[in-house]
Amino acid sequence: MKQNSDKTVARATLRHVRISPRKARLVIDLIRGKQVEPALQMLRFNPKKGAKLAEKLLLSAVANARESQGVDVDRLWVTGGYVDMARTLKRYMPRAQGRATPIRKRSSHITLELGER
């Protein structure tokens, strides 16, 4: 679900990441609406692959906010974040009796938005 916020201070996007959108959304939903420091702590101690990707993305968004707007990091919140589907790689696995079944290797575009409260 995309949320267009008027109070968006900074945004960071990670494109063509080899993680399925469904798995990435689980992590992004954890931190949406949280302050930046608690969100970073949650991501740091989460064992999922998407947590490591989201942590780097959140740090990038914080750096974008600091450099372009000059905002105080302590006042930043994760106001929005969404995961879109990117290109799916199609592979095939051989099966019994000469058949083949498709394998879909999904990838994502992850976007985080930061704002002030």
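This one's a predicted model, so the numbers in the text were calculated from it and none came from an experiment.
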I want to check something: taking the side chain as every heavy atom from C-beta on, are N64 and R11 in contact at a cut-off of under 4.5 Å? no
Non-hydrogen atoms of E113 and Y82 that approach each other most closely: OE2-CE2, 3.9 Å
S107 side, atom OG; H16 side, atom NE2 - distance, nearest 0.5 Å: 7.5 Å
Would you kindly confirm whether V78 and V73 end up in one hydrophobic cluster when ILVMFWY residues are joined by side chain heavy atoms under 4.5 Å apart? yes
Minimum heavy-atom separation for Q35 to D74, with atom names? NE2-O, 2.8 Å
Rounding to 0.5 Å, atoms CZ (R22) and CE (M85) come to a distance of 12.0 Å
Under the 4.5 Å side-chain heavy-atom rule for ILVMFWY, direct or indirect, which residues accompany M93? I103
Hey, are the side chains of L114 and V71 touching, using non-hydrogen atoms and a 4.5 Å cut-off? no
Smallest separation among heavy atoms of A100 and Y92, with atom names: CB-CB, 4.5 Å
Heavy atoms only: give me the nearest S108-V83 pair and the separation to one decimal. CB-CG1, 3.8 Å
Checking R75 now: which residues fulfil salt bridge (Lys or Arg N to Asp or Glu O under 4.0 Å) with it, not counting sequence neighbours? E116
How close do R106 and P21 get, heavy atom to heavy atom, and via which atoms? CB-CD, 4.1 Å
Measuring from L112:CG to R32:CZ, what's the distance to the nearest 0.5 Å? 9.0 Å
Using residues 38-58 as the side-chain source, report each donor-acceptor pair under 3.5 Å to any protein atom, sequence neighbours left out, with the distance given to one decimal.
{"residue": "R44", "atom": "NE", "partner": "E55", "partner atom": "OE2", "Å": "3.1"}
{"residue": "N46", "atom": "OD1", "partner": "K48", "partner atom": "N", "Å": "3.3"}
{"residue": "K49", "atom": "NZ", "partner": "R18", "partner atom": "O", "Å": "2.8"}

Quick check: is W77 connected to L59 through a chain of hydrophobic side chains (ILVMFWY, heavy atoms under 4.5 Å apart)? no
